[in-house]
Amino acid sequence: MISRIDLRGDALPEGSALRDLLPRADFDVQAALEKVRPICEAVHHRGDAALIDYAEKFDGVRLESVRVPAQALAEALEQLDPAVRAALEESIRRARLVHREQRRTAHTTQVVPGGSVTEKWVPVERVGLYAPGGRSVYPSSVIMNVVPAQEAGVGSIALASPAQADFGGLPHPTILAACALLGVDEVYAAGGATAVAMFAYGTESCPPANMVTGPGNIWVAAAKRYFTGKIGIDTEAGPTEIAILADETADPVHVASDLISQAEHDPLAAAVLVTDSVELAEAVEKELEPQVAATKHIEDRIVPALSGRQSAIVLVDGVDEGLRVVDAYGAEHLEIQTADAAAVADRVKNAGAIFVGAWAPVSLGDYCAGSNHVLPTGGCACHSSGLSVQSFLRGIHIVDYTRDALAEVAHHVVTLAEAEDLPAHGAAIKARFGWKVPESK
């Protein structure tokens, strides 16, 4: 069901050579870009009419209005299963605890007497958030996007999720209920590239946003790439992935269940085990069979994901080598199930989120750890971070110098301006001192 890659014996290669040996899903955003281009431009030129036409084409329902009525949000919350409501409320509470601590405050550095630089943090004015609605419903993604935006102080928050024919063209009611719990009342029935285009360009019913965040399929990723430079984006999220670094101390039941839990997202989902224990590898392989047989989404998601080229058991000589492999892989979710897991986790350089030990599975992070589950995929964890309060903040430097403070450094500014052949830069300094540069003290 899952293949093996044996990297034992020989010295592991460096850099891209090691990355090329590791499993990864095919995910061609550039090819998809050409297909979303006309969709995005149709929304640009035809606004809500294009959104309604595409909802009929892609979602099988003809909308009367793209914006979700306030009554529908209230009814969704009223009809929500009490147990689901309690779980969502606890997820929100924990996410707020973590994200509230991320809020940055202004800091002033006194460079010299009379000269200071202050960095203040200002939230983006308006964000468009996306919650997928394809194979599964993701109210947890509503929480993971809305909470950091709110804690950052974003003043205008809108959310889009695909129209559902089963619910009269509204997004899934659990999505709507999550929005109501969070106090988000601007919600749109729009999916995929059309939702991103709606936020980027604006339509008759939806003002344009400064930024778009949220996970989605390849069409969402392609639309984000299309609008890069026009709006801010979080990341071009690809298929979800889990990597587990484990040794002989790991429980194969836990490892197998965690691989399966990620595989049930999507047939392109990646499930990778990196271990120095052949015995564990064999035990996990045996454990996968009965666990897969006992669950749901077997033929359409789990089996294709586990048997695809993006999933594998990678054998290494030791935990040190395993760390090199997982750092090269740069997983969205990385579990450490080894002896002294916390110390091993502390050595990891590249991961979207790290889950330490047997009692911190990825499922916990998906819902109720308090961490954010909107994370970099496809190896992007080597340069990008998951969604956080910082994602919605902009740092602005405020430079405040007195005459004396400028005079002290004026000759250096003029010298550097002339070294770069930009004499007008130096002249802007000289003009303030009667065209004579003050002598350094």
Backbone N or O of [Y] within a donor-acceptor pair of the [X] side chain at under 3.5 Å?
{"X": "E335", "Y": "L273", "answer": "no"}
{"X": "S91", "Y": "L88", "answer": "no"}
{"X": "R24", "Y": "Y329", "answer": "yes"}
{"X": "D266", "Y": "L268", "answer": "yes"}
{"X": "T249", "Y": "A339", "answer": "yes"}
{"X": "E332", "Y": "E241", "answer": "yes"}
{"X": "H373", "Y": "D366", "answer": "yes"}
{"X": "Q164", "Y": "G133", "answer": "yes"}
{"X": "S311", "Y": "A305", "answer": "yes"}
{"X": "N217", "Y": "V220", "answer": "yes"}

Output the distance between atom [atom1] ([X]) and atom [atom2] ([Y]), rounded to the nearest 0.5 Å.
{"X": "S385", "Y": "N372", "atom1": "OG", "atom2": "CG", "result": "11.0 Å"}
{"X": "E264", "Y": "I298", "atom1": "CD", "atom2": "CD1", "result": "11.0 Å"}
{"X": "T275", "Y": "I244", "atom1": "OG1", "atom2": "CD1", "result": "10.0 Å"}
{"X": "S388", "Y": "D234", "atom1": "OG", "atom2": "CG", "result": "10.5 Å"}
{"X": "I92", "Y": "E90", "atom1": "CD1", "atom2": "CD", "result": "10.0 Å"}
{"X": "F167", "Y": "I175", "atom1": "CZ", "atom2": "CD1", "result": "11.0 Å"}

### SB check R8 E321 (cutoff 4.0 Å)
no
#### Entry: NZ/NE/NH1/NH2 to OD/OE distance under 4.0 Å, E56 and R62
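A salt bridge is present here (some side-chain N lies under 4.0 Å from a carboxylate O).
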Do [X] and [Y] come within less than 4.5 Å of each other through their side chains, counting heavy atoms only?
{"X": "P162", "Y": "F58", "answer": "no"}
{"X": "C206", "Y": "R67", "answer": "no"}
{"X": "V272", "Y": "L22", "answer": "no"}
{"X": "T338", "Y": "E248", "answer": "no"}
{"X": "P252", "Y": "L280", "answer": "yes"}
{"X": "D317", "Y": "D276", "answer": "no"}
{"X": "L73", "Y": "V187", "answer": "yes"}
{"X": "I39", "Y": "Y54", "answer": "yes"}

### Task
Classify the angle between the aromatic ring planes of F227 and Y201 as parallel (below 30°), tilted (30 to 60°) or perpendicular (above 60°).
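Rings of F227 and Y201: perpendicular, over 60°.
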### Query
Where does the angle between the aromatic ring planes of Y138 and H265 fall among parallel (under 30°), tilted (30 to 60°) and perpendicular (over 60°)?
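Plane angle under 30°, so parallel.
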### Task
Would you sort out whether R93 and E89 count as a salt bridge (charged side-chain N to carboxylate O under 4.0 Å, His left out), showing the intermediate values?
CA-CA 6 Å; R93 187 187 73 82; E89 288 175 337; over 6 Å; no
### Query
For atom CD of Q71, is the number of surrounding heavy atoms from other residues, nucleotides or ligands below 6.0 Å larger than 12?
no
### Query
Just wondering, are more than 12 heavy atoms of other shown residues or ligands nearer than 6.0 Å to CD in E64?
no
### Query
Is there a side chain to side chain contact (heavy atoms under 4.5 Å, CB included) between I5 and L21 once you walk through the steps?
CA-CA 8 Å; I5 298 174; L21 295 176; 5.5 Å; no
### Message
Under a 3.5 Å cutoff, is there a donor and acceptor pairing between the side chains of E125 and S156?
### Response
no
### Message
If we check side chain to side chain donor-acceptor pair (under 3.5 Å) with Q150, which of these qualifies: R96, R100, H99?
### Response
R96
### Task
Apply side chain to side chain donor-acceptor pair (under 3.5 Å) to S116 and D400, showing your working.
CA-CA 5 Å; S116 67; D400 188 353; 4.8 Å; no
Can you name the nearest heavy-atom pair linking [X] to [Y], along with the distance?
{"X": "M211", "Y": "T213", "answer": "CE-CG2, 3.7 Å"}
{"X": "A223", "Y": "C40", "answer": "CB-SG, 4.3 Å"}
{"X": "A328", "Y": "L18", "answer": "CB-CD2, 3.6 Å"}
{"X": "A271", "Y": "I2", "answer": "O-CD1, 3.8 Å"}
{"X": "R324", "Y": "L12", "answer": "NH2-O, 3.2 Å"}
{"X": "V68", "Y": "A189", "answer": "CG2-N, 4.2 Å"}

### Evaluation steps, side chain to side chain contact (heavy atoms under 4.5 Å, CB included), between M198 and S205
CA-CA 9 Å; M198 175 186 71; S205 61; 5.6 Å; no
### Task
Using the ring of Y367 (Phe, Tyr or Trp, six-membered ring only), decide whether R94 places NZ or CZ under 6.0 Å from its centre and within 45 degrees of its axis.
no
### Task
Please step through side chain to side chain contact (heavy atoms under 4.5 Å, CB included) for the pair R104 and V389, ending with a clear verdict.
CA-CA 9 Å; R104 296 185 180 185; V389 168; over 6 Å; no
### Task
From the options V29, L33, V36, select the one residue that forms a side chain to side chain contact (heavy atoms under 4.5 Å, CB included) with W219.
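That would be V36; it is the only one of V29, L33, V36 passing the side chain to side chain contact (heavy atoms under 4.5 Å, CB included) with W219.
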### Message
Please determine whether side chain to side chain contact (heavy atoms under 4.5 Å, CB included) holds for the pair D26 and R309, giving the CA-CA distance in whole Å, both sets of side-chain angles, and the decisive distance to 0.1 Å.
### Response
CA-CA 9 Å; D26 290 322; R309 59 177 292 176; 3.4 Å; yes
### Task
With salt bridge (charged side-chain N to carboxylate O under 4.0 Å, His left out) as the test, would you mind laying out the steps for D327 and R347 before giving the verdict?
CA-CA 10 Å; D327 272 335; R347 296 170 61 193; over 6 Å; no
